[in-house]
**Student:** 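Sending over a structure as structure tokens; questions will come in a sec.
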Amino acid sequence: ARADGAVETQAGPTHARRIVESLALPLSARENRTLKHDVPASAKGYEFYLRANDLAFDPQSWPLARDLYLRCTEEDPQYAPAWARLGRIYRVLAKYGVADEDENLRRAEAAFTRALAINPDLTIAHNLYAHLEVELGRARDAMLRLVERARLRSADAELFAGLLHACRYCGLLDASVAAHEQAVRLDPRIPTSAAHTFFMLGDYERVAMTDAEGAFLRALSLVMLGRLADARVALDAGAGSVQPLFQEFLASVHALTEGNAGASVDALQRILAADFKDPEGLFYVARQLAYLGQHEDALNTLARATLRGFHCYPALARDPWLDAVRGAPRFLEILRQSEARHRDARAAFVVAGGDTVLGLPAAV
């Protein structure tokens, strides 16, 4: 007997150790590797990473954020999150024409590839990479990759946030909404692009209630609801630190609220003249050009959006601003092509088990 009154046998410590070991959940080799991933090896590098994160969502600070992420990767080349976020910065620099587009796209692809080579299970990399893939016309590939990842890791919000984005580009709007709901259930604060999905569904009230995607989409939804004065307020509130190209999107909607069709068309033409390539962004430009009577330019832009991988067939089929071109033979051909790609993506999604992953009714 011990002085504290406890009774200890000779086998006591060994027996206690065995009890603890029996209660511990065994870790697979993959889980052991995961625990060791994404731990910064350099305090200085991690400081650069945190400073870059503070700047990464201010368009005026994108170049500085890029430089800080680069310094982080120099200090700690095996820190996968820094490579993933560097990939995003290169992507947005290319998308909004801040610097050489082709080179930045190449660098973005290389950074995401590096992040996933270091840690194939890094979900923030899978999410952010999906945004690059869809803009490069690879939405179907991104969707299938994320379905597989989400099937294996069903409690990770980042995967569902990326999946909702890819599903929308494929026209799978029911799946996009379901992925959004899964993402916010797992992490209520996670940013998603679901407002665009609601817009494609024609749910303008729901878009207008959020500013998650910025002033442009919220104001455009208010225009669709006939609330022009509210749209101008939204635009004024969001006219701060944005890139010049995005300023043209805001200007095109602002002109609409003032009944100035010519100024709206001019802003849209400046976007096209800048060789803007994002397929979904081109869809927004096209629908507005159609509404403003620029039918030929609208059809040319729709064709570009489809060619570059935006196959949101339900939006093409129902958007009221496309009614002006809906009977044109060229529109019907674009619609046919979009429907074919949409159906192909839907079939691949079902075969991959996407409905099961998202808890959707089985396809019939």
Side-chain angles (χ1 to χ4, degrees), residues 48-73 81-109 111-112 124-125 127-136 161-162 165 189-196 199 207 210-221 231-255 266-285 288:
F48 289 140
Y49 175 76
L50 294 177
R51 288 171 57 195
N53 288 348
D54 286 339
L55 300 169
F57 291 91
D58 177 2
Q60 300 300 326
S61 300
W62 284 343
L64 179 56
R66 173 202 59 201
D67 294 344
L68 288 169
Y69 284 131
L70 283 170
R71 293 186 70 179
C72 175
T73 59
W83 287 105
R85 293 189 182 276
L86 176 62
R88 175 193 169 270
I89 288 292
Y90 279 134
R91 179 186 71 82
V92 295
L93 288 172
K95 179 175 180 176
Y96 292 107
V98 179
D100 182 73
E101 180 182 1
D102 291 338
E103 182 61 20
N104 276 323
L105 287 175
R106 185 191 66 77
R107 290 170 175 168
E109 185 95 51
F112 286 127
I124 185 68
N127 180 3
L128 296 176
Y129 189 27
H131 290 253
L132 177 66
E133 289 179 292
V134 300
E135 290 166 11
L136 294 176
H165 195 69
R189 296 179 299 174
I190 192 167
T192 79
S193 64
H196 290 281
F199 191 95
V207 181
T210 177
D211 59 358
E213 280 296 321
F216 166 72
L217 197 61
R218 184 162 186 264
L220 189 58
S221 294
R232 283 192 291 273
V233 171
L235 288 166
D236 291 341
S241 179
V242 296
Q243 288 298 329
L245 187 58
F246 199 72
Q247 288 278 12
E248 300 293 358
F249 278 95
L250 301 182
S252 75
V253 180
H254 198 282
D266 288 345
L268 296 171
Q269 293 292 357
R270 288 193 291 271
I271 293 169
L272 295 177
D275 197 25
F276 185 66
K277 291 185 174 66
D278 171 39
E280 187 169 57
L282 290 173
F283 173 82
Y284 284 113
V285 171
Q288 195 162 325

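Worth saying up front: this structure is predicted, and the values here are computed from it rather than measured.
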**Student:** Please name all residues satisfying side chain to side chain contact (heavy atoms under 4.5 Å, CB included) with Asp102, sequence neighbours left out, ordered by chain then number.
**Tutor:** Asp100

**Student:** Run the numbers on Gln288 and Leu220 for side chain to side chain contact (heavy atoms under 4.5 Å, CB included), then give the verdict.
**Tutor:** CA-CA 10 Å; Gln288 195 162 325; Leu220 189 58; 4.2 Å; yes

**Student:** Do the non-hydrogen side-chain atoms of Glu133 and Tyr129 ever get within less than 4.5 Å of each other?
**Tutor:** yes

**Student:** Mind checking what makes salt bridge (charged side-chain N to carboxylate O under 4.0 Å, His left out) contact with Arg91, not counting sequence neighbours?
**Tutor:** Glu135

**Student:** Could you work out, with salt bridge (charged side-chain N to carboxylate O under 4.0 Å, His left out) as the rule, every residue matching Arg232, not counting sequence neighbours?
**Tutor:** none

**Student:** Closest approach of Thr73 and Leu70, non-hydrogen atoms and distance?
**Tutor:** OG1-O, 2.8 Å

**Student:** Go through the structure and list residues passing side chain to side chain contact (heavy atoms under 4.5 Å, CB included) with Glu101, not counting sequence neighbours.
**Tutor:** Ala94, Leu105, Lys277

**Student:** For a quick test of reading the model, state the closest non-hydrogen atom pair linking Leu55 to Ser61 and the distance between them.
**Tutor:** O-CB, 3.6 Å

**Student:** What I want to find out is whether Arg106 reaches Glu103 closely enough, with some N-O distance under 4.0 Å, to be called a salt bridge.
**Tutor:** yes

**Student:** Within the 4.5 Å heavy-atom criterion, are Leu68 and Tyr49 side-chain neighbours or not?
**Tutor:** no

**Student:** Output all residues satisfying ring pair (Phe, Tyr, Trp, His ring centres under 6.0 Å) with His254, sequence neighbours left out; order by chain, then residue number.
**Tutor:** none

**Student:** Can you give me the closest heavy-atom contact between Ala231 and Ala219, atom names plus distance?
**Tutor:** CB-O, 3.6 Å

**Student:** For residues Gly281 and Phe249, report the shortest heavy-atom separation together with the two atoms involved.
**Tutor:** O-CE2, 4.1 Å

**Student:** Going by the rule side chain to side chain contact (heavy atoms under 4.5 Å, CB included), which residues pair with Arg270 if we only count those two or more places apart in sequence or in a different chain?
**Tutor:** Glu248, Asp266, Ala267

